Amino acid sequence: MTKVIDAGLVAEQNDKLAAQVQADYEALGGVLARRGQDIEKLTALAQGFAVAVPSWGVGTGGTRFARFAGRGEPRNVFEKLEDCAVIHQLTQSTPTVSPHFPWDKVDARELRAKGDELGLGFDAVNSNTFSDAIGQEHSYKFGSLTANNAATRAQAVAHNIECIEIGRALGSKALTVWVGDGANFPGQHNLRGALERYLESMRQVYDALPDDWNVFIEHKLFEPAFYATTIADWGTSFAAASALGPKAKCLVDLGHHAPNTNIEMIVARLAQFGKLGGFHFNDSKYGDDDLDSGSINPFQLFLVFNELADAALRDGPSFNPAYMLDQSHNVTDPIESLMNSAVEVQRAYIQSALVDRAALVEHQTNNDALQAAATLKAAFRTDVSPILAMARVRSGGAADPVSCYRASGYRDRVASARPVKAGASSSGIV
Ligand code: LRH
Ligand code: MN
């Protein structure tokens, strides 16, 4: 397996931090032991944690106003995978990539071979019927799976089935379907009719799924439609997934809700009814901002993982939602942002394992709201950074991924190897 960053440099950087990592680890170990918690068990838990990286996240993102190309941007999916391999090599928590088609469309065998060479697997594949590909016969301007035009719907169904075929060749086990279909004006389309057409189309996609696959329905409140979105919320997604069958599950993108929505409760509901398929982790202040996970509201991320820990205790090993990042990086080096984000998601996971659940149940049973809330806060306030650093070092990663990455000079190296494409600074997210 190719190591994109020189392993000797990683070891050298870790050596510089070894005494500090060990001292912080022992100090935290002492604090946790007084609480009856075993830091070694938690470190092993952290080493087993994984979140997928979005292939579209390693390029510089943009907004509808502009996209300011970064240095050494990946020019094709193979270079995207190299950048994803750097993220995994240094964090040891992102062993899979979630690809997006047709953005990543190449020969699937070549793509899988590149993944194997870099030690990367492929998570859920993403279809795209929210933009028109070059040479596409029917435009998705007025919708795709819900379009009035039957030929447009058939084209969108065929594209999703093609994504399943590519995904099978990559070893993926799920298809994520997000459609921007909707309306900008009251009356523009029949609200019920649109959902009926969506279900009719998705039944054909569902029937094309291999037995051991899932289809993840991703809801989103608005954008690009600004009056009505066909799959706007978890309720509609849940109803659609229930209507389609057991292989259909709901995917929660944290940025796809109205401000102040109680997302952890949506997670608890979907888990209770066995329809929680997975996540697109990111953070937001206003809309679908696609900001770095844990950068705006880390307590919400913790509360989501607290519900996941509760569901795992209730439902056992069959409870296995897919964890993926979905972010857009406009002002940072995407590799640094994705490394930090993977660490922040892993942090919320470990903090959720620190919750004293017996005490929580007791306080809940006694209606002792204050102590119940304090029990969660005690876990959230625990700085588990020493556990995360030790887990990375023990797994062969970097004690400090960002400083190690900067010391490697990788960005300078790819900046000279990947000249900026002409017209790279257009608008749009990728
Ligand atoms: C839609 C979305 C979806 C992806 C796209 C890149 O906002 O979250 O998951 O297909 O971003
Ligand atoms: Mn998403």
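Quick caveat, the model's predicted, so the values are computed rather than measured. Note that ligands are numbered from 1 as they come in the structure, with each ligand's atoms numbered from 1 the same way.
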Is it the side chain (CB and beyond), the backbone, both or neither of [X] that lies under 4.0 Å from ligand 1, heavy atoms counted?
X      : answer
His100 : side chain
Asp288 : side chain
Asp253 : side chain

Q | Distance filter under 4.0 Å to Glu218 heavy atoms, resulting ligand 1 atoms | A |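 Result: 2 (C), 3 (C), 8 (O), 9 (O).
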Nearest N/O/S atom of [X] with respect to the Mn ion (ligand 2), by atom name, please.
X      : answer
His280 : ND1
Glu218 : OE2
Asp326 : OD2
Asp253 : OD2

Q: Please report the shortest heavy-atom distance between Tyr198 and Ala240, naming the atom on each side.
A: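 Result for this residue pair: CE2-CB, 4.2 Å.
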Q. Looking at Arg71 and Asp412, does any basic side-chain N land under 4.0 Å from a carboxylate oxygen?
A.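 Salt bridge: yes.
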**Q.** His280, any N or O under 3.5 Å of ligand 1 N or O
**A.**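 Yes; the residue has a nitrogen or oxygen that sits under 3.5 Å from a nitrogen or oxygen of the ligand.
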Q: Could you tell me whether some N/O pair between Lys220 and ligand 1 is separated by less than 3.5 angstrom?
A: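 There is such a contact, yes.
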So, [X] versus [Y], ring centres under 6.0 angstrom or not?
X      : Y      : result
Tyr227 : Phe222 : no
His100 : Trp56  : yes
Phe380 : Phe299 : yes

Q. Between Asp283 and Ser295, is any side-chain donor less than 3.5 angstrom from a side-chain acceptor?
A.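 The answer is no; no qualifying pair exists.
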Q. What residue among Asp333, Val58, Val97, Leu338 forms side-chain contact (heavy atoms from CB on, under 4.5 Å) with Asp83?
A.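 Testing each of Asp333, Val58, Val97, Leu338 against Asp83, the sole residue satisfying side-chain contact (heavy atoms from CB on, under 4.5 Å) is Val58.
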